[in-house]
Amino acid sequence: MRRLLSLCAVALFVCLTQSLWAQDPLKVDPKHYTLVSENDQVRILKIHYGPHEKSVMHSHPNAVAVFLSDSKGKFTFPDGKTQDFTTAKGQTMWADAGTHLPENTGDTALDGILVELKSKSAKPAGSMAKPAAKPAPKK
């Protein structure tokens with residue numbers, strides 16, 4: 001019985017910790033995220049990080065990012081692992097639902113548009129950095 005109670009306590013702690021990590025960026029980091037538009041299908045956010053600015057741990061559902069500037073950055077995940085990224089102006093990136101702490105590691109601003117998808121399957125679960133195809137060549 002004591003073992004069962006201990007397991008339940010650990011499970012409750014893990015669930016509460018996960019919910020603390022799963023924060024809405026508009027609420028926990030309004031300096032870097034601005035609401036552009038929202039309906040029952042999507043929420044569109046404007047992202048702006050100045051050079052070397054860092055966010056706080058927050059979550060997004062499945063989303064598509066469109067970068068408006070060349071940038072360098074780093075994602076830190078709740079387990080402490082990190083992932084560096086480099087983007088080009090006009091590049092798109094699919095992002096599975098997940099929790100991360102972004103940081104602009106470059107010397108220029110990082111700007112983008114994030115289109116968060118609203119669906120029952122859009123729950124934090126995975127990595128936030130899956131680049132889509134390279135931007136179309138400039139004509």
Side-chain angles (χ1 to χ4, degrees):
M1 182 68 170
R2 208 170 258 223
R3 186 177 222 176
L4 179 61
L5 286 174
S6 295
L7 286 173
C8 288
V10 168
L12 179 62
F13 175 77
V14 169
C15 290
L16 289 175
T17 303
Q18 291 283 340
S19 68
L20 288 175
W21 284 333
Q23 299 288 326
D24 181 349
L26 289 176
K27 293 178 182 172
V28 298
D29 193 6
K31 176 180 178 181
H32 297 115
Y33 295 88
T34 307
L35 180 65
V36 174
S37 181
E38 183 172 19
N39 63 28
D40 63 336
Q41 298 293 310
V42 298
R43 180 170 82 158
I44 303 170
L45 306 178
K46 169 94 170 77
I47 303 167
H48 174 78
Y49 285 85
H52 304 283
E53 289 186 349
K54 192 175 190 176
S55 188
V56 296
M57 196 66 70
H58 62 264
S59 297
H60 299 278
N62 290 334
V64 175
V66 179
F67 292 92
L68 304 176
S69 61
D70 295 341
S71 59
K72 291 181 182 181
K74 178 172 74 172
F75 290 126
T76 301
F77 301 101
D79 64 3
K81 291 182 182 176
T82 62
Q83 180 177 8
D84 293 327
F85 65 88
T86 302
T87 65
K89 182 178 180 178
Q91 180 180 351
T92 61
M93 180 174 68
W94 168 260
D96 285 338
T99 301
H100 66 178
L101 183 157
E103 178 179 358
N104 179 358
T105 59
D107 294 328
T108 60
L110 183 159
D111 289 293
I113 299 293
L114 186 68
V115 181
E116 296 180 330
L117 307 177
K118 294 182 178 182
S119 70
K120 293 181 183 182
S121 64
K123 295 178 183 160
S127 170
M128 291 295 294
K130 291 188 182 175
K134 293 183 179 179
K138 295 179 182 177
K139 294 180 183 179

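- In this structure, the side chains of V36 and L45 stay at 4.5 Å or more apart for every pair of heavy atoms.
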Give the C-alpha distance, both sets of side-chain angles, the deciding distance and a yes or no for side chain to side chain contact (heavy atoms under 4.5 Å, CB included) between Y33 and I47.
CA-CA 5 Å; Y33 295 88; I47 303 167; 3.7 Å; yes
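- Remark: M93 CE to L114 CG distance equals 8.0 Å, nearest 0.5 Å.
- Heavy atoms only, all atoms of each residue included: W94 and A63 are closest at CE3-O, 3.4 Å.
- Checked against the 6.0 Å centroid criterion, the rings of H100 and H58 qualify as a close aromatic pair.
- Between R43 and L26, the closest side-chain pair of non-hydrogen atoms falls below 4.5 Å.
- Taken to the nearest 0.5 Å, the NE2 atom of H60 stands 9.0 Å off from the OG1 atom of T99.
- Contact record, E53 with G50: OE1-N, 2.8 Å, taken as the closest heavy-atom pair.
- Listed by first and then second residue, the side chain to side chain donor-acceptor pair (under 3.5 Å) pairs that reach into residues 65-75 are S71-T87, sequence neighbours excluded.
- Considering all non-hydrogen atoms of both residues, M57 and V28 come closest at O-CG2, 4.2 Å.
- The distance from the CD atom of E116 to the CD1 atom of I44 is 10.0 Å, given to the nearest 0.5 Å.
- Between I113 and K46 the shortest side-chain heavy-atom distance falls below 4.5 Å.
- One finds the CD atom of E103 at 9.5 Å from the CG atom of D84 (value rounded to the nearest 0.5 Å).
- Put simply, V56 and L35 are part of two different groups of oily side chains (I, L, V, M, F, W, Y) that touch within less than 4.5 Å, one to the next.
- At distances below 3.5 Å, at least one donor-acceptor pair connects side-chain atoms of N104 with backbone N or O atoms of T108.
- Rounding to the nearest 0.5 angstrom, the gap separating the OG1 atom in T92 from the CZ atom in F67 is 9.0 Å.
- Taking the side chain as every heavy atom from C-beta outward, T76 and K81 never approach each other to under 4.5 Å.
- With hydrogens and angles ignored, the 3.5 Å screen pairs no side-chain donor or acceptor of K118 with any backbone N or O of P61.
- For the side chain to side chain contact (heavy atoms under 4.5 Å, CB included) with V115, the lone residue among V42, N62, V66 that qualifies is V42.
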